[in-house]
Structures are given as C-alpha cells and as structure tokens.
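These notes are about the structure you will find just below.
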Amino acid sequence: QVQLLESGGGLVQAGGSLSLSCTASGRFFAVSTMGWYRQAPGKKRDVVATISTSGVSNYTDSVEGRFTISRDNFRDTVHLEMNRLKPEDTAIYYCVADIRTPAVHRFWGQGTRVTVSS
C-alpha cells in the first residue's frame with residue numbers, strides 16, 4: 001500500500017505565504033513525477049504544478065511566478081511554496097505522484113485545505 005501524506009494547509013491572509021509538503025510512504029520501487037492539483041468549490045480539479053525526478057517543473061499560468069514546486073528525491077517528498085496568495089487560490093490541494101510498484105500507478109493524497117482570506 002502506497003500513501004501520500006500531505007501537510008501544510010491552513011488559513012492565510014491575501015498576500016501571505018504558505019508551504020505544502022507531501023511524502024510518499026509504503027513499499028515501492030521508485031517515485032517519478034510528483035505534483036499538486038487543486039479543486040475550488042464548484043470547479044474541476046486542475047493541475048497546479050508538476051515536477052519530474054530531474055527537477056523539470058511546470059506551472060499553470062495562474063500561479064506562475066508566485067508558486068514554487070520542489071522535491072527531495074531521497075525522502076520521496078514534494079513541496080509547494082505558495083507566495084503572494086490570492087483569494088482565488090482557495091481550494092483543496094491534492095498531492096499526486098506516479099509511482100512504480102513495479103508497475104506505474106498514479107496515487108493521490110487525501111487533500112489539504114488552503115483558504116486565503118481577503
């Protein structure tokens with residue numbers, strides 16, 4: 001069984017910062033791409049940022065320049081540093097990881113709530 005454990009959600013004021021972390025645990029061969037999705041009330045779940053094992057990252061346009069994704073391959077952990085937060089960033093943020101077990105499967109975290117007040 002593979003689990004993605006998220007932490008770091010909470011309530012922040014607009015313009016503030018918040019950092020999320022997600023760690024893969026269990027028995028597996030390797031973790032490949034990791035990332036974050038988010039789902040706001042009444043909206044579809046959309047990608048926020050992803051990062052490959054080599055450190056190549058991609059961001060959705062709305063967070064480009066404000067969010068930074070990073071990872072620690074030795075700890076199978078991905079981080080999302082969120083700066084200059086806006087109320088529209090309010091959502092449940094889900095960690096995602098493609099993990100070889102040995103077959104590659106996509107795993108999802110339970111989600112952590114981020115609320116940005118105005």
Side-chain angles (χ1 to χ4, degrees):
Q1 176 77 5
V2 176
Q3 290 183 284
L4 300 180
L5 305 179
E6 301 141 322
S7 63
L11 173 65
V12 297
Q13 190 173 347
S17 299
L18 198 64
S19 293
L20 307 180
S21 296
C22 172
T23 298
S25 63
R27 296 183 64 85
F28 48 82
F29 289 172
V31 179
S32 57
T33 299
M34 303 186 78
W36 295 91
Y37 282 64
R38 67 185 180 186
Q39 185 169 17
K43 296 184 178 180
K44 296 178 59 178
R45 184 180 300 186
D46 293 321
V47 66
V48 177
T50 60
I51 185 168
S52 70
T53 54
S54 61
V56 178
S57 60
N58 291 280
Y59 300 90
T60 191
D61 289 344
S62 61
V63 308
E64 183 76 47
R66 298 189 298 118
F67 291 10
T68 301
I69 190 169
S70 61
R71 66 188 292 163
D72 182 344
N73 290 338
F74 295 105
R75 292 180 170 85
D76 299 316
T77 298
V78 63
H79 305 278
L80 186 68
E81 180 183 342
M82 304 182 292
N83 300 309
R84 291 180 285 130
L85 283 161
K86 304 175 181 179
E88 49 263 46
D89 295 319
T90 295
I92 299 176
Y93 284 69
Y94 296 90
C95 178
V96 65
D98 295 330
I99 300 176
R100 189 161 71 91
T101 64
V104 176
H105 299 279
R106 172 156 288 189
F107 292 88
W108 294 87
Q110 294 293 317
T112 184
R113 186 178 299 274
V114 172
T115 303
V116 184
S117 64
S118 59

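Since the model is a prediction, treat every value here as computed from it, not as a measurement.
A heavy-atom distance below 4.5 Å is not found between the side chains of N58 and V47. D89 is listed as a side-chain neighbour of R66, based on a closest heavy-atom distance under 4.5 Å.
Residue Q110 qualifies as open at atom CD: its count of foreign heavy atoms under 6.0 Å is 12 or below. In E88, the CD atom is crowded: over 12 heavy atoms of neighbouring residues, nucleotides or ligands sit closer than 6.0 Å.
Atom CG of residue D46 and atom CZ of residue R38 lie 8.0 Å apart, to the nearest 0.5 angstrom. Considering CZ of R71 and SG of C22, their distance stands at 10.5 Å, rounded to 0.5 Å. Atoms CZ and OG1, from R113 and T90 in turn, are 9.5 Å apart once rounded to the nearest 0.5 Å. Distance check, rounded to the nearest 0.5 Å: CD of E81 to CD1 of I69 gives 12.0 Å. For the atom pair L4 CG and T77 OG1, the distance stands at 10.0 Å (nearest 0.5 Å). Interatomic distance, S57 OG to L80 CG, rounded to the nearest 0.5 Å: 11.0 Å.
Between Y37 and W108, the ring planes are perpendicular. Angles over 60° get that label, and only those under 30° would be called parallel.
Linking Ile, Leu, Val, Met, Phe, Trp and Tyr residues whenever their side-chain heavy atoms come within less than 4.5 Å places M34 and V2 in a single cluster. No chain of hydrophobic side-chain contacts below 4.5 Å, direct or via other Ile, Leu, Val, Met, Phe, Trp or Tyr residues, connects L20 to I92. Under the 4.5 Å side-chain heavy-atom criterion for Ile, Leu, Val, Met, Phe, Trp and Tyr, V48 and Y94 are members of distinct hydrophobic clusters.
Of the possible polar contacts, none joining the R100 side chain to the F29 backbone as a donor-acceptor pair under 3.5 Å is found. A donor-acceptor contact shorter than 3.5 Å is absent between the side chain of R106 and the backbone of V96.
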Margin query: Go through it in stages, so that I can follow the logic: the residues are W36 and E6, the test is side-chain contact (heavy atoms from CB on, under 4.5 Å), and I'd like the CA-CA distance, side-chain angles, deciding distance and then a yes or no.
Written below: CA-CA 10 Å; W36 295 91; E6 301 141 322; 4.1 Å; yes
Checklist line | Working for side-chain contact (heavy atoms from CB on, under 4.5 Å), residues F28 and V104 | finding: CA-CA 10 Å; F28 48 82; V104 176; over 6 Å; no
Check: Passes side-chain hydrogen bond (donor to acceptor under 3.5 Å, both in side chains), T53 versus S32? Steps please.
Finding: CA-CA 6 Å; T53 54; S32 57; over 6 Å; no
Next item on the list: Just do the side-chain contact (heavy atoms from CB on, under 4.5 Å) check on T101 and F107 with the steps written out, would you?
Entry: CA-CA 11 Å; T101 64; F107 292 88; 4.1 Å; yes
Item checked: From CA spacing to verdict: side-chain contact (heavy atoms from CB on, under 4.5 Å), M82, V116 -> CA-CA 11 Å; M82 304 182 292; V116 184; over 6 Å; no
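The minimum heavy-atom distance between A24 and V31, with the atom names listed, is CB-CG2, 4.3 Å. The shortest non-hydrogen separation linking R84 to S17 is N-OG, 4.3 Å.
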